[in-house]
A.B. asks: 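Input: one structure, supplied below.
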Protein chains: 2
Amino acid sequence: MHETRPLQVHYLKAACSSCSVLELCLPIGMTGAEVERLDTLIVQRFKVKKGAALYRTGDPLRSLYAVRIGSFKTCVVSVDGREQVTGFHIPGEMLGLDAISADEHACTAFALEDSEVCPIHFAQLEKLAQTLPSLQHNLNRLLSREIVRDHSMLMLMGNMNSDERLAAFLLNLSQRFSIRGYSSKEFVLKMRRDEIGSYLGLRLETICRGIAHLRDQGLVEIAGRDVKIQDMEGLKQMVAGCHRQPR
Amino acid sequence: MHETRPLQVHYLKAACSSCSVLELCLPIGMTGAEVERLDTLIVQRFKVKKGAALYRTGDPLRSLYAVRIGSFKTCVVSVDGREQVTGFHIPGEMLGLDAISADEHACTAFALEDSEVCPIHFAQLEKLAQTLPSLQHNLNRLLSREIVRDHSMLMLMGNMNSDERLAAFLLNLSQRFSIRGYSSKEFVLKMRRDEIGSYLGLRLETICRGIAHLRDQGLVEIAGRDVKIQDMEGLKQMVAGCHRQPR
DNA sequence: CTCGGGACTTGATTTACATCAAGTGTCACC
DNA sequence: GGTGACACTTGATGTAAATCAAGTCCCGAG
């Protein structure tokens with residue numbers, strides 16, 4: 001769908017620059033020559049089958065990964081096997097940032113569909129960053145952005161009711177698709193209801209009911225995993241007054 | 001109380017190395033000479049009165065801050081003025097990491113008591129990091145550690161009931177005090193019940209009841225803001241099987 | 001085509017926590 | 001030394017979401 005055989009060839013040529021340069025956001029403000037040096041790090045790409053783990057909690061940090069095609073969920077797994085989803089990742093986004101902390105991955109990344117990633121060898125990236133100040137700066141920003149994102153998730157978990165959380169989730173996905181050049185109004189959820197639930201701190205039945213509520217209000221049209229946003233403003237309003245009890 | 005006039009002089013001499021070196025964790029693995037260069041960044045310290053804001057959402061990022069004395073809460077404030085606490089910070093911990101993302105602070109930091117911080121000019125820090133690889137690496141780790149911490153908060157908000165959250169909160173504080181050389185068994189909560197509640201996604205009444213429950217089980221003794229942990233293992237067990245319904 | 005299983009939906013009931021309410025304790029300030 | 005404000009506690013009641021329980025839908029394998 002995104003991809004046909006003939007396109008593959010084009011990708012192989014464009015892989016490095018399009019993957020690292022345009023989508024990763026690492027190279028903002030870097031010169032062409034600098035970007036070329038960054039691209040030398042990205043020597044390969046590889047595929048991850050649907051359901052397979054790209055890395056697991058405790059794996060040593062070798063590379064960060066840029067999602068190239070497909071999508072991933074990251075989750076923390078507790079002792080007895082139950083999991084908390086900490087994030088979803090679409091093409092152009094980076095995986096593995098939490099591993100820098102202790103030189104080993106702090107969560108497990110599963111492919112939600114057949115996917116493809118660019119590994120970015122971390123030690124080499126750090127080395128290169130020493131000579132490319134703008135690369136270093138961009139890495140710092142990437143890490144910091146993740147922190148900001150997590151804080152807004154905490155806000156969501158602490159202050160929003162179930163319908164508001166769902167609305168916020170859909171809006172967030174919509175924006176991210178938009179940034180990457182996909183439609184912000186129509187997209188496909190690659191994850192199951194229970195995975196959305198885990199991410200939002202809700203049960204899957206509550207997600208279903210939330211979807212029904214948003215549909216009843218004419219805000220979205222969701223059939224299975226196909227999403228159409230019908231009233232973007234309405235959704236935004238719903239999230240704006242983001243309190244458990246709006247009085 | 002913490003501070004008398006004569007001590008000031010001593011602090012001025014010792015401020016740089018004790019503040020930046022031992023507590024910040026930035027200089028792990030750096031040589032003495034490198035650490036000295038780092039210390040040149042830390043040219044001053046200043047006081048923040050209880051209740052005052054060290055920085056506010058939207059303020060341009062000039063410095064990161066190392067807490068030297070006292071404590072802070074950071075919160076995201078929503079449009080209509082209600083706040084979500086995103087973290088508490090004790091001496092030796094760093095404030096402002098989320099500002100790197102967009103060159104402006106993404107939350108507001110309030111002093112919970114009369115406090116003191118070391119500002120670390122961020123542009124200079126980045127510049128220095130270019131010539132000190134180990135400093136750069138430590139900054140990366142610091143940022144990544146914050147991400148890991150946030151993920152475990154998300155796990156807590158998604159999977160734990162109120163008593164478990166409170167236990168996890170107390171254990172976390174205990175560990176951090178321990179790392180900084182304070183007692184892990186006895187400490188004082190500098191924040192109000194409603195601030196703990198906001199942080200944990202609960203109401204203040206629920207915090208009170210949680211405290212009563214932990215007390216009834218003989219795990220802790222909490223009188224007002226004075227905490228004594230009586231059964232560390234018991235607390236840990238409580239958090240270990242961290243599910244909403246332990247079956 | 002049809003059978004089986006997994007994903008999803010919807011209704012009934014339960015429950016953990018929020019909310020409302022009425023206190024007590026404590027400390028700063030007049 | 002009294003009093004007012006604020007932090008905290010505890011009880012009664014309400015409610016949003018969890019849990020339990022049937023389903024339906026859809027797709028892929030046989």
Side-chain angles (χ1 to χ4, degrees), chain A residues 50-51 73 82 84-85 110 112-114 156-170 188-216 220-227 238 242-247, chain B residues 1 49-51 73 82 84-85 110 112-114 156-170 188-216 220-227 238 242-247:
Chain A
K50 175 174 176 172
K73 67 171 176 182
R82 260 192 52 100
Q84 164 77 27
V85 174
F110 293 104
L112 293 172
E113 56 190 312
D114 289 355
L156 175 148
M157 301 279 262
N159 286 316
M160 292 190 193
N161 68 30
S162 61
D163 290 355
E164 290 165 343
R165 291 184 202 193
L166 186 59
F169 171 72
L170 292 172
V188 177
L189 301 172
K190 295 300 184 180
M191 69 294 286
R192 282 179 270 114
R193 301 287 193 252
D194 64 332
E195 290 167 334
I196 300 175
S198 172
Y199 183 57
L200 297 178
L202 301 168
R203 315 262 79 197
L204 76 158
E205 296 95 328
T206 308
I207 300 299
C208 284
R209 284 185 245 271
I211 287 172
H213 296 159
L214 296 187
R215 188 176 16 233
D216 293 349
V220 298
E221 197 181 293
I222 301 183
R225 298 191 175 187
D226 295 322
V227 177
M238 187 153 194
C242 52
H243 299 322
R244 212 178 272 131
Q245 44 140 20
R247 43 170 156 175
Chain B
M1 188 190 172
K49 274 275 166 217
K50 174 174 177 172
K73 67 171 175 181
R82 261 191 51 100
Q84 164 78 26
V85 174
F110 292 104
L112 292 172
E113 57 190 311
D114 289 356
L156 175 147
M157 301 281 263
N159 286 316
M160 292 190 194
N161 68 30
S162 60
D163 290 355
E164 290 164 345
R165 291 185 202 192
L166 185 59
F169 170 72
L170 292 172
V188 177
L189 302 171
K190 295 300 186 182
M191 68 296 284
R192 281 180 271 114
R193 302 286 192 253
D194 64 332
E195 290 166 334
I196 300 175
S198 172
Y199 183 56
L200 299 178
L202 301 168
R203 316 262 72 198
L204 76 158
E205 297 95 328
T206 308
I207 300 299
C208 284
R209 284 184 246 269
I211 288 173
H213 296 160
L214 296 187
R215 189 175 16 233
D216 293 348
V220 298
E221 197 181 294
I222 300 184
R225 296 192 175 185
D226 296 322
V227 177
M238 186 153 195
C242 53
H243 299 324
R244 213 177 271 132
Q245 43 142 18
R247 43 169 158 179

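Just so it is clear: chains get the letters A, B, ... in the order the sequence lines come, proteins before strands, and each one is counted from 1.
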A.B. asks: So, does A/R225 use its side chain to make a donor-acceptor pair with the main chain of A/V188 at under 3.5 Å?
C.D. replies: no

A.B. asks: Looking at side-chain heavy atoms only, is the closest gap between B/L200 and B/T206 below 4.5 Å?
C.D. replies: no

A.B. asks: In whole Å, what is the span from the CD1 atom of B/I207 to the C1' atom of D/dT10?
C.D. replies: 15 Å

A.B. asks: Can you tell me if B/R165 uses its side chain to pair, donor with acceptor, with the backbone of B/M157 under 3.5 Å?
C.D. replies: yes

A.B. asks: First locate atom CD1 of B/I196, then atom SG of B/C208, and finally report the distance between them rounded to the nearest 0.5 Å.
C.D. replies: 9.0 Å

A.B. asks: Choosing from D/dA17, D/dC20, C/dT9, which nucleotide comes nearest the side chain of A/I211?
C.D. replies: C/dT9

A.B. asks: Which residue, B/R192 or B/R209, contacts DNA chain D at a nucleotide closer to its 5' end, judged by nearest heavy atom?
C.D. replies: B/R192

A.B. asks: I need the CG-P distance between A/L166 and D/dA17, as an integer number of Å.
C.D. replies: 11 Å

A.B. asks: Which of the following nucleotides, D/dC8, D/dA17, D/dT10, is nearest to the side chain of B/R193?
C.D. replies: D/dC8

A.B. asks: Roughly, in whole Å, what's the span from CG in B/D216 to P in D/dT9?
C.D. replies: 13 Å

A.B. asks: To the nearest angstrom, how far is A/D194 atom CG from D/dA17 atom P?
C.D. replies: 19 Å

A.B. asks: Which heavy-atom pair separates A/K190 from A/L112 by the least distance, and what is that distance?
C.D. replies: O-CB, 3.9 Å

A.B. asks: In whole Å, what is the span from the CE atom of A/M157 to the P atom of D/dA17?
C.D. replies: 13 Å

A.B. asks: Could you give the CG-to-P distance, from B/L189 to D/dA7, as a whole number of Å?
C.D. replies: 15 Å

A.B. asks: Taking the side chain as C-beta and beyond, is there a heavy-atom pair between A/V85 and A/M191 under 4.5 Å?
C.D. replies: no

A.B. asks: Find the distance A/L214:CG to C/dT9:P and express it as a whole number of Å.
C.D. replies: 12 Å

A.B. asks: Students often get this wrong, so: under 4.0 angstrom with heavy atoms, is B/R225 touching a base, only sugar-phosphate, or nothing?
C.D. replies: sugar-phosphate

A.B. asks: Show the distances under 3.5 angstrom between N or O atoms of the protein and N or O atoms of nucleotides 13-16 of chain D.
C.D. replies:
none

A.B. asks: Taking all non-hydrogen atoms of both residues, which atom of A/I207 and which atom of A/L166 are closest, and how far apart?
C.D. replies: O-CD2, 3.9 Å

A.B. asks: Got a donor-acceptor contact below 3.5 angstrom from the A/R203 side chain to the A/G197 backbone?
C.D. replies: no

A.B. asks: Shortest non-hydrogen contact from B/L189 to B/R193?
C.D. replies: CD1-NH1, 4.0 Å

A.B. asks: Report all interatomic pairs (protein N or O, nucleotide N or O of nucleotides 25-27 of chain C) with separations under 3.5 Å.
C.D. replies:
none

A.B. asks: Starting from P on D/dC25, measure out to CG on A/D226 and report it in whole angstrom.
C.D. replies: 17 Å

A.B. asks: Side chain of A/E205 only, please: which of C/dT9, C/dA18, C/dT10 is the nearest?
C.D. replies: C/dT10

